[in-house]
Every structure is written in structure tokens, then in C-alpha cells.
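For reference, the structure discussed in these notes is given below.
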Amino acid sequence: MKHLIQEIHTGKNLDRNLKQYEKIAVPTYLDYGSLELTFSAFTFVQEMVEEKAALAAKEKDMTDRICETLGSLGRKEGESETVIHKMRELRQEITGKMDYFTSFTDRLICYEYVLNRMELKYIPAKELKKCLESFDEEEYMNRLCGYLFRQEDQSVIRDKVRLVVGQVPVRMTKMKFFEKIGEALTLYKDGDKSSLDDFIYMIRTAAMVYEPVNQGEDYPELQEILEDLERADYSNLTEEEYNRLVQQLEQGAEQIAQLTDFYYSMQRVVNGIYAMVLIQNYQAADTKLTAACRSIWICLANKEYRDEMLMPLEGRIEESVEKTSYLESVLYEVKASYKEEAEAAGLTGFFQDFAIVANLLSDSLFIDLDTVVQGEKADAAYVEQCREKLFRELEKKLSEVCRPVKRAIMGEVLEKLPLMFQKSGEVEEYIRVNLFGCQDEAEKCTVMTLLRDLMQEE
């Protein structure tokens with residue numbers, strides 16, 4: 001297989017090698033897809049019956065459709081196109097829910113930022129003073145610089161600096177804030193539009209300006225928590241109100257964790273079914289492994305599961321993972337660069353379908369299968385258009401929120417931007433001015449404690 005992959009990579013003997021690739025890929029993915037679906041379906045059914053029974057009952061229509069299709073797949077029933085249509089519909093439904101959950105989570109993160117910095121506001125003044133006096137600023141700065149810069153890996157350094165800058169109290173004018181975002185956007189000029197769009201989406205979610213299509217009508221308990229956090233006046237918060245909001249935040253985080261876990265498991269099963277239908281279109285006969293898995297799918301579809309079902313499959317997936325990783329190393333390359341050769345070999349459909357299979361079986365559970373990379377470039381006009389729209393949204397949001405929330409939004413966005421420093425000395429100066437110069441002693445002590453704990457964890 002290694003020799004085959006190397007020859008395809010260098011464009012040798014493609015008329016023969018592409019056909020040989022298909023001959024190896026189909027049974028390999030048939031086994032791999034069978035194992036992935038079996039393990040993910042087992043986990044999902046177990047969750048559905050045991051710890052997440054209430055969620056499963058709420059989504060009975062979706063879970064029934066999944067179990068029905070899983071059983072049909074086990075019995076080799078159903079037209080491929082019909083099953084694919086059902087799975088695409090389910091993926092869309094689940095992705096819509098996850099879009100709302102992601103937006104909700106980003107908002108929780110922002111309000112957590114605000115509330116964390118108020119944690120020491122309500123302790124006695126003597127206690128706060130004692131906490132601040134426990135820090136020697138020079139010693140602290142030396143330790144922090146060591147934490148940030150002792151690594152040789154520049155990507156690790158960049159990630160750490162972004163993380164710390166995002167936690168340091170924000171002392172920046174709105175004009176300067178917009179200037180930093182504008183500088184980041186210019187880096188995407190003449191790059192792929194999709195990359196710029198992804199970056200802007202990340203900024204919009206961090207700044208709480210992104211509005212999902214699903215506004216949470218199905219989850220009134222989450223909307224109530226969010227509205228409670230949004231209504232609060234953080235500039236004049238009593239200790240009692242602070243404690244109540246912290247409790248609300250914790251409840252929201254716990255609920256969203258349960259929901260996202262459930263829908264992640266559900267999406268993994270839907271992706272597995274979708275992938276198996278595509279794969280088996282290219283091979284009518286089952287491998288021994290797939291035949292064994294089908295009997296398990298029928299049991300799982302009836303919500304019957306026992307640990308001993310999986311025992312014959314233990315240790316089988318590692319070999320499939322290794323083989324598929326080799327195959328995927330040239331899969332997308334063939335699809336993009338050897339279109340004529342694939343067409344001449346009658347394999348255009350195969351490479352299109354197996355690129356989808358590889359995506360479905362990857363860890364990117366919610367990848368958009370309809371996205372076609374056109375290589376369209378973001379010219380200066382497109383970058384400017386995006387900048388203007390983003391700035392209008394940010395301007396509106398910042399004018400609607402109180403000062404602590406405004407600073408939280410700025411902190412969360414700054415953490416997402418490319419590094420705004422050229423030298424380590426600039427990073428040190430920024431931290432000194434914004435952290436040690438912070439006039440809010442409760443916030444200063446909270447952030448210093450937070451960063452100290454971060455350093456100690458490493």
C-alpha cells in the first residue's frame with residue numbers, strides 16, 4: 001500500500017494505480033466504517049436508554065428514525081438514495097441545534113468572564129489587600145515570562161500569549177480595538193474567501209453578535225438563563241445577585257454539556273450510517289467483519305445492547321485506522337489534481353463519494369458536505385465589505401452593553417486575533433500596564449490568581 005500511495009502521490013502509472021487504489025479502499029473502508037458505526041451506535045443506544053433517557057424521549061422522532069434506519073442497514077434493506085436523503089435531513093437538524101448550542105456557549109463564556117472578575121469584589125477589604133500583597137510583581141512577571149517564552153515551539157508561544165492577553169484586563173479604546181481587528185482582516189487579503197469567512201464567524205460568536213437560525217424556542221430553560229444574564233446590571237451588582245447569576249451560569253453550563261454530548265453521539269451515528277451506505281454501493285459482498293457488525297446493528301436498533309457484543313471486535317479498529325490514514329493521504333489530492341485521470345478510469349464518482357466518506361468518519365462531525373472549495377480569493381473589495389459589516393455589528397453590540405460586558409467582549413475577541421506584538425518585550429509591557437496598572441483591585445487580584453494557577457498547572 002505504501003508503494004501504491006507513493007506512486008499516486010508522484011503521478012506515476014495512474015491508469016493502473018487509481019483502479020488498484022479503489023480495489024484496496026473499498027473493503028478497507030467497509031471494515032473501518034462498520035467498526036466505527038458499531039461502537040458509536042452502541043454508545044449512543046446505551047446513553048439513550050440509561051443516563052440520557054429524558055433527552056431521548058424529547059427527541060423521540062429523531063431517535064426513532066435513526067434506530068429504524070440502523071435496523072434496515074443491518075438487514076440490507078432500503079434504497080441507498082432514500083437512506084442518504086434521510087441522513088442528510090437528520091444531519092441538518094442536528095447541525096441546526098448545535099449551531100444554537102455553540103452560540104449559547106459563547107455567550108456563557110462571555111458572562112463567565114465578567115463574573116469571574118467580580119469574584120473577590122465582595123470579600124472584606126483586609127482580605128483583598130492581603131491577597132494582593134502576597135504577589136511580588138517582579139517575581140510574578142519573571143515567572144510569567146518564563147511560562148510564555150521558555151518553549152522553542154513558536155506556535156506554542158503564540159497560543160500562550162493569546163491566552164494570557166485574553167485574560168489580562170482590557171484597557172483599550174474602542175477605536176484601538178477596531179484597529180486591531182482591521183489589521184487582522186487585512187492578513188486575509190488575496191487568500192481564500194472561506195478562510196476569511198471562518199475567521200469572521202469566530203469573531204462574531206466571541207463578540208455575541210452572531211444570531212443562530214434556531215433562536216432557542218425548543219429550549220426555553222436555556223433562553224431564560226441567557227436572558228437573565230443579559231438583563232443584569234454588572235456595574236451595580238449586589239453580592240446576592242452575583243451569587244444568583246453564578247448559579248445560573250453553572251446550571252446553563254451543566255445543561256449545555258449534557259445536550260452537546262447527546263447530539264455529538266447522535267451525529268456520529270448518523271454520519272456512520274451515511275458513510276456505510278456510500279461505501280456499500282461499491283461492494284455488494286460483505287467482509288466477515290461487516291457481516292458480524294450487521295447483526296449487532298439489528299440488536300441496537302431494538303435497543304438491545306450487551307458488553308459481550310463488542311468483545312469479538314476488540315483490537316480490530318487499529319489496523320483499519322492505520323490503513324485509512326495511508327489512503328487518505330492522497331484521497332483529496334487525487335480528487336483535486338487528477339480529475340482527468342480519474343474520469344478516464346471511470347472513478348470520478350468513487351473519489352467524490354469516498355472524500356465524503358472520509359469526512360463523515362473524521363472527528364469533524366459537523367463538516368459541511370456541500371461545501372465545494374472553489375479557491376475563490378478574497379480581494380481588497382471583499383475584505384473591506386466584510387470589515388464594514390463586522391464593524392457595524394460590533395459598534396451596535398458595544399453600545400448596548402454595560403462596561404464590564406463590553407470589556408469581556410473585547411477580551412474574548414483579542415484572544416482570537418493573530419498576535420499584535422512583534423517582540424517579547426512588547427508582550428511584557430502590555431501585561432505590566434494592563435494588569436499591574438489595573439485600578440480595580442478585585443479584578444487585578446482575580447486575574448493574577450488565575451494566571452498563577454495556569455502557570456502552576458504546567
Side-chain angles (χ1 to χ4, degrees), residues 9 102 105-106 109-110 112-113 140-170 172 176-177 179-207 210 321-322 325-326 328-333 336 358-359 362-368 371 373 375 377-378 383 386-387 390 408-435 447-448 450-458:
H9 182 66
T102 302
T105 302
D106 286 327
I109 289 170
C110 200
E112 181 185 37
Y113 183 107
Y140 185 92
M141 198 67 229
N142 287 335
R143 284 188 62 202
L144 189 56
C145 285
Y147 166 78
L148 290 173
F149 303 116
R150 67 169 167 259
Q151 292 276 349
E152 292 185 7
D153 189 330
Q154 290 300 308
S155 64
V156 174
I157 292 174
R158 285 194 295 271
D159 288 344
K160 285 184 174 181
V161 170
R162 270 199 294 265
L163 177 61
V164 170
V165 167
Q167 296 303 320
V168 168
V170 179
M172 185 179 290
K176 187 69 173 176
F177 176 62
E179 181 185 312
K180 294 296 181 188
I181 297 172
E183 289 173 359
L185 292 176
T186 60
L187 299 176
Y188 290 86
K189 180 179 173 293
D190 297 327
D192 287 340
K193 275 188 177 181
S194 59
S195 297
L196 174 58
D197 293 342
D198 288 344
F199 176 70
I200 290 174
Y201 169 79
M202 185 169 61
I203 299 300
R204 294 178 74 223
T205 55
Y210 174 74
V321 169
E322 185 179 5
S325 66
Y326 280 126
E328 283 173 28
S329 66
V330 294
L331 176 60
Y332 302 103
E333 183 181 353
N359 283 329
S362 74
D363 290 331
S364 302
L365 299 183
F366 298 91
I367 192 167
D368 186 355
T371 299
V373 180
K377 300 299 179 183
V383 173
C386 291
R387 188 191 70 83
L390 178 62
I409 288 172
M410 294 171 76
E412 290 298 325
V413 170
L414 287 173
E415 188 177 332
K416 306 294 186 294
L417 300 183
L419 283 189
M420 50 188 180
F421 310 101
Q422 299 298 321
K423 300 176 181 177
S424 60
E426 294 176 18
V427 178
E428 183 178 347
E429 180 65 18
Y430 180 86
I431 295 170
R432 284 186 182 277
V433 170
N434 290 276
L435 179 55
V447 175
M448 290 186 75
L450 187 154
L451 295 178
R452 181 196 63 196
D453 292 346
L454 194 67
M455 290 185 279
Q456 286 178 345
E457 281 177 16
E458 188 176 74

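If you're wondering where the values come from, they're calculated on a predicted model, not measured in any experiment.
Between Ile431 and Leu451, every side-chain heavy-atom pair lies at or beyond the 4.5 Å cut-off. You'll find the side chain of Leu454 reaches within 4.5 Å of the side chain of Tyr147, heavy atoms only. Within the 4.5 Å cutoff, the side chain of Ile157 has heavy atoms near those of the Gln154 side chain. Between Ile409 and Tyr113, the closest side-chain pair of non-hydrogen atoms is not below 4.5 Å. Between Leu148 and Ser424 the shortest side-chain heavy-atom distance does not fall below 4.5 Å. Side-chain atoms of Glu415 and Val165, non-hydrogen and from C-beta on, never get closer than 4.5 Å to each other.
Scanning both residues, Tyr430 and Met172, for their nearest heavy atoms gives OH-CE, 4.3 Å. Considering every non-hydrogen atom in both Lys377 and Asp190, the closest pair reads CD-O, 3.5 Å. Smallest separation of non-hydrogen atoms from Lys416 and Arg162: C-CD, 4.5 Å. Annotation for Leu196 and Cys386: closest pair CD2-SG, 4.1 Å, computed over non-hydrogen atoms. Nearest heavy atoms, Glu412 versus Ala206: CB-O, 4.0 Å. Shortest non-hydrogen contact noted between Val168 and Leu435 is CG1-N, 4.0 Å.
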Can you list the steps and then say if Val164 with Val161 is a side-chain contact (heavy atoms from CB on, under 4.5 Å)? CA-CA 5 Å; Val164 170; Val161 170; 6.0 Å; no
Trace of the side-chain contact (heavy atoms from CB on, under 4.5 Å) decision for Leu417 with Ile203: CA-CA 8 Å; Leu417 300 183; Ile203 299 300; 3.8 Å; yes
Take Glu428 and Phe149, measure what side-chain contact (heavy atoms from CB on, under 4.5 Å) needs, and give me the verdict at the end. CA-CA 11 Å; Glu428 183 178 347; Phe149 303 116; 5.9 Å; no
Check against side-chain contact (heavy atoms from CB on, under 4.5 Å), Ile200 and Leu185: CA-CA 8 Å; Ile200 290 174; Leu185 292 176; 4.0 Å; yes
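Taking Thr186 as the reference, nothing meets the side-chain contact (heavy atoms from CB on, under 4.5 Å) condition, with sequence neighbours excluded.
No side-chain N or O of Tyr188 forms a donor-acceptor pair with one of Asp198 less than 3.5 Å apart.
Ionic pairing of Glu179 and Lys176 is present here: one or more N-O contacts between side-chain nitrogen and carboxylate oxygen are shorter than 4.0 angstrom.
Taken from CE in Met202 to CG in Asp106, the straight-line distance is 11.0 Å, to the nearest 0.5 Å.
Using a 30° and 60° split on the angle between ring planes, Tyr201 and Tyr210 fall in the perpendicular class, above 60°.
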